[in-house]
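This is a predicted model, so every value here is computed, not measured. Per chain, numbering begins at 1; letters A, B, ... match sequence-line order.
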Amino acid sequence: MTKKQLVVVGNGMVGHRFLELLLESGESERWNVVTFCEEPRLAYDRVNLTNFLGGKSPAELSLVGPRRYEDAGVTVHLGDRAAVIDRQCKRVLSAEGRRIPYDVLVLATGSAPFVPPIPGRDAWGCFVYRTIDDLKRIRLWAAQIQTGVVIGGGLLGLEAANALTHMGLETHVVEFAPRLMAMQIDEGGAQILRSKIEALGVSVHTGKNTTRIVSRGGRVTEIRFADGGVLAAEMVVFSAGISARDELARNAGLEVGERGGIVVDERCRTSDPDILAIGECASYRGRTYGLVGPGYQMARTAVSTLAGGDDRLGVFDMSTKLKLMGVEVASFGDAHGTLPGARVVAFSDAVSGVYKKLVLSSDRQRLLGGVLVGEASSYGQLLSLTQSKAALPPQPEQLILPRLEGGAALPGVDALPDAATICTCQNVGKGVICKAIRSQDLTSVGAVKAATTAGTGCGSCVPLLGELLAREMKRAGKKVSRDLCEHFPHPRQELFHLLRVHGVRSFDELIGKHGRGTGCEICKPAVASMLSSTWNEHVLEDRHLGLQDTNDRFLANIQRDGSYSVVPRVPGGEITPDQLIALGWIARKHCLYSKITGAQRVDLFGARLEQLPQIWRDLVAAGFESGHAYGKALRTVKSCVGSTWCRFGVQDSVSFAIRLENRYKGLRAPHKLKSAVSGCARECAEAQGKDFGVIATEKGYNLYLCGNGGMKPQHAQLFATDLDEDTLIRYLDRFLMFYVRTADRLQRTAAWFNNLEGGIEYLRQVLIDDSLGICAELESDMARIVDSYRCEWKATIEDPVKLARFRTFVNSPEPDPSLVRVPQRAQHRPATWEEKQLHLVPQEAE
Amino acid sequence: MTAIALELDGAPWEDVCALEDIVPWTGVCALIAGRQVAIVRTGDAVYALGNLDPFSKANVLSRGIVGDKDGIPKIASPIFKQTFDLRTGQCLDNPAVRVPTHEVRIERGRILVHREPRPGDQDGA
C-alpha cells in the first residue's frame, strides 16, 4: 500500500502533541508525515516560558527528544513557514519555496500576540511576550534600562510583569478593564490580587485606555492615556491577549469564525474535510481556546479522525491554577456563577490576602466552580469535586473557611469516585492513576507521571498524585524508601551508625562493606560529611577528594560562571580596622567584587581557580581563617554589640558569640548551620531564626533551637532558660552531635525537628535528662572535633600536592578565557551568555 | 600553549598529562586545540568530554562528582547537578541534551586525547 501524505503546519505544543499521539497510535504507518516549524527550534514548553528567564535553557524547555522526529521518519522543515495552501492541487507552498503535496493537512498554527492598534507601537523598546526569542530580546533590552510597562493585566500580562520585576525593572501593569485578570476571577479576587502584587512593588493601573506611545530618537519614552495621564516607560511589553493565526486558512477560503479562528466541527474538521485544525488557531462552538488542555484534547480527536475513529470534542474545561509573582490564583468551573440557580459563598481576608469563592448548585449539594486567590492548595480537590459532581458536605462554605475558625477538612482523595479527573491538562482520571500504580508497581511521583502523563502539564495536581501514591502504597503494605540513594540500601542515620561502630574511615571501605556500585553525587558528599564529622580529616586528602562537592573540593563557593567566591571567617562579626583594610587590599589586588553578607562577613567574588591559593596566602598572612562558607558546616555566629557598648545590653553577646563560633568552626553537618547571640530581649541578632540561637537575660542566656530563615522561615523553639555559658555549651555540644548523627542528608535542623516525634519535650529528655544515655558520648565526640580543628586553608597552602590541584588547565597555565567581566557600579559582574554570544564582550575560546 | 601534540597512527593526539596527575574518581580540565575538555578518571578508565555545562553555560564539568547510575559511568555538573554519561556525553536527566566526547588512550602512563570531538558530536544545547 502506498503511503498517503500528511502535512502538519506548526510545531508548537499542540502540533507536537498531535505528532506524538499519531506516532503512538501506530496510525503513522499509513502516512508520510511532513511538518513545518516556523521557529528556529522544535516545540517547547510555552506554558513555562518564564522559566527561561529563571535560567532554564531552551534544551530544557524542549518537548521533543533528540532525533525523535528523524527516528520516527517525520520530515521537519525547521525555520520555514507554510505561506499558501493550494486546495485545488492539494499542496502547501512555503516561504522558502517548498511545494509539499498533501492528502490530509493539519493546521496547528497557534496564535499571535494581539498588539492593539496604538499609534507609536513600532518604537524601539516595544515587545511582545510569546517565544523564546521574544524573551531573549526583552532581556537584552532590559539590561540597559530601569522602567518597563506591560500593557495587559490578564494572565499573560502578569506573567510578563513578573518577568520584568525579576530583571530588576521598576514595573507597571496597564489594564483597560477595571480589574486584573477579568477573564478568570471576580472583583473580590481581583482586589486581593492587586493588593498583593502592589505589595511586591509593581504599580497597577486599571481602567486605562492607552492612546499613544511616544518615542524619542526611535526609542520609547512614555505612554499616554485617554484620560490625559502619562507614564514614563523605557520598554513596553504588549500582552493584551492573543489572536488565532487563521490567515493561512482565511486566504485558502476556509470558513473562519466571527471572532477569528478556523471553524472546526467536533472531529476537528474544517470546512474542507481534508483539512483539520487544532489548538489555538481553531474555533469550536464559536470561540477559540488559549489553554493547552483544550489544544491537547483537539490533538487527540484529530488523530482519531485520521484513523477513522469516533472521538469527538466535548465541553472544554477552562479551569486554571497558576502562581503569579508568588501569588496563587485559581479559577475553575463556572467561576463567575453564570449557570442558572447558581449560588455563591465567598470568604475574603484582606489582612492575610486571601480570597475564596465557591459557586454552588441551587440545592447546595454540588460544586459548580469557584475562585481562589492568595492560597489555592485545595484547587486540585475542589476541581475534582466540581467535575465529578460528588456530593458536598452539609455546610460547603466550611471548605473555604480557615481551619482555625472551625473549617472542615476537605474530603480526601478517597472521597473522589474513580471517574474523577485528577489531571485536567492530560485528562487522566483517578481510576487510571491508581491502576497504573498497582499494576506497574510504581513507587515515586516521578514514575507515576512517566507512566500516566498525569502531572506533566501545569503540575497543580502533583500533590494529589502524591496522596494517591501514598494511599496505594500503604494499601499494598509498602514503605516509601528512605535509602540514601541507589548505592546504599540504608538511610543516612543507619550509615552513620555503621561508620562509627565499625570505625570506617573511607568511602571505598563503606561502599565495599555496606553498599554497591561506585557511588554518585548524592551519596559521596553525604559520606564525606559523615567521615568529616566523625574523624575530622582534611577534606582534600586523596581518598576524600572525589567525594567533595566542587565547593568543598576547592574550599570556595562556585558561582554561575564557574568562578569562585571567598569568605574569610570573622567570628561574631567583630573585625579590626586593620583586618578591614587588609580585606580591601586583598580584594583590590586580586580584582574581586566585594559584598557584605547577611552573616556579618565579607564575600569576595570572581576568583579564578588558580587565584585561590595566592588569595588565601594573603588572607592567612593577614590573620584570617577559612569561613567554611563553602561547606555544609557551621557558618557564622552573628552577634549584636551587647552590654559592652549598648545601653540596653544585659550580657556581653559579642564575646560569647566569638567563643561559640571558635568552638564549632569547621564542624561538618548534614546541612549548613547558622547561629546568633543577642545581648538582650530586643533580639537584634535575630537568634530565633537560627539553627541555634542565644538570647541574653538578666540571669544568663536562653537557648533556642531549630529555627530557620531562608526559604521556609521557622521560629526556633525555646529549649532552656537562664543558662550559664558552660552549661549552654554542654547542651549545644550534645544537640549538634545528636543532629549530625540522626538527620537526613541536606536536612536543616528545622525540618529535622519537625520530624522528631515528641518535639521540644523529647529533645529536652534526650539532651538534658539523658533519657537515651548517650550524652557523654555526644560530648566526647564533639570534644574530638573541637580538639582536632585546623584551618583547612592554612593546611592547604602548606601542602604542595593539594595546592597543585588549584589550576584551571592541567596542560596550560592560561586562565579560563570564558570568564569575562562587565563593569557595574564601580565594580564588575560576570558577562552573561548572551553578551558573550552577541560579541558584546571578548569572545571565549570555543 | 605548553602541551605537546603527538602524531600517532596519523591521527592528531594530544598528550595532556600523566595518568597519576588525576586522582581516581575526579576530573581535570585540559585546553586542547582551543577547546576546554574535561578529562575524567574513574576506578579503571579515563574519559574526555566537553567541559562546557550546557545548562549553566559555565566551563565546569571537570569539577563534578564522578560515579555511576545503574552501572553507567557518569559525572554530575557542579552547578545544577545534571548528570552526563561519561562514555557518550548523553545527559541522563534530559534526552535532548548531549555534550561532545573525545577518544582517549593511555600510553606509557600518559593520557592522550584526540584533538577533535568524536564525529557526530555537537553541542547538545
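No side-chain heavy atom of Arg807(A) sits under 4.5 Å from any side-chain heavy atom of Cys29(B). Contact check for Glu541(A) versus Val23(B): no side-chain heavy atoms found under the 4.5 Å cut-off. Counting only heavy atoms from C-beta outward, the side chains of Thr518(A) and Trp25(B) approach each other to under 4.5 Å.
Minimum heavy-atom separation, Ile558(A) to Arg63(B): CD1-NH1, 4.0 Å. The shortest heavy-atom contact between Thr26(B) and Gly546(A) is CG2-CA, 3.6 Å. The shortest heavy-atom contact between Ala30(B) and Val810(A) is CB-CG1, 3.9 Å. When all heavy atoms are compared, the tightest approach of Arg560(A) to Ile79(B) is O-CD1, 4.3 Å. Nearest heavy-atom pair, Ala58(B) versus Gly562(A), reported as atom, atom and distance to 0.1 Å: CB-N, 3.9 Å. The two residues Glu14(B) and Asn811(A) come nearest to each other via the heavy atoms OE2-ND2, 4.0 Å.
Only the backbone of Leu547(A) comes within contact range of chain B, judged by heavy atoms closer than 4.5 Å. Of the atoms belonging to Arg805(A), it is side-chain heavy atoms, and not backbone ones, that fall under 4.5 Å from chain B. Only the side chain of Glu486(A) comes within less than 4.5 Å of a heavy atom of chain B; its backbone N, CA, C and O stay farther away. Of the atoms belonging to Asp53(B), not a single heavy atom falls under 4.5 Å from chain A. Contact of Asp561(A) with chain B is made through the backbone alone, with heavy-atom distances under 4.5 Å. When heavy atoms are compared at a cutoff of 4.5 Å, Arg553(A) approaches chain B solely by way of its side chain, counted from C-beta outward. In this structure, chain B has no heavy atom under 4.5 Å from any part of Arg68(A).
When each of Arg67(A), His487(A), Lys56(A) is checked for heavy-atom pairs under 4.5 Å with chain B, His487(A) comes out on top. Contacts with chain B were tallied for Gln548(A), Lys524(A), Gln559(A), Arg543(A); Lys524(A) has the most, counting heavy-atom pairs under 4.5 Å.
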| Lys69(B) and Cys520(A): CA distance, side-chain angles, deciding distance, side-chain contact (heavy atoms from CB on, under 4.5 Å) verdict | CA-CA 7 Å; Lys69(B) 179 187 185 185; Cys520(A) 66; over 6 Å; no
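More than 12 heavy atoms of other shown residues, nucleotides or ligands fall within 6.0 angstrom of atom CD in Glu70(A).
Asp68(B) has no carboxylate O lying under 4.0 Å from a charged side-chain N of Arg516(A), or vice versa, which leaves the two without a salt bridge.
Distance check, rounded to the nearest 0.5 Å: OG of Ser563(A) to CG of Asn59(B) gives 12.0 Å. Rounded to the nearest 0.5 Å, atoms CZ (Phe809(A)) and OG (Ser62(B)) are 9.0 Å apart. For the atom pair Thr83(B) OG1 and Ile522(A) CD1, the distance stands at 9.0 Å (nearest 0.5 Å). With values rounded to the nearest 0.5 angstrom, Lys57(B) atom NZ is found 12.5 Å from Ser818(A) atom OG.
Here His16(A) pairs with Tyr69(A) under the ring pair (Phe, Tyr, Trp, His ring centres under 6.0 Å) rule; sequence neighbours left out. Qualifying side-chain hydrogen bond (donor to acceptor under 3.5 Å, both in side chains) partners for Thr550(A), counting only residues two or more places apart in sequence or in other chains: Tyr564(A).
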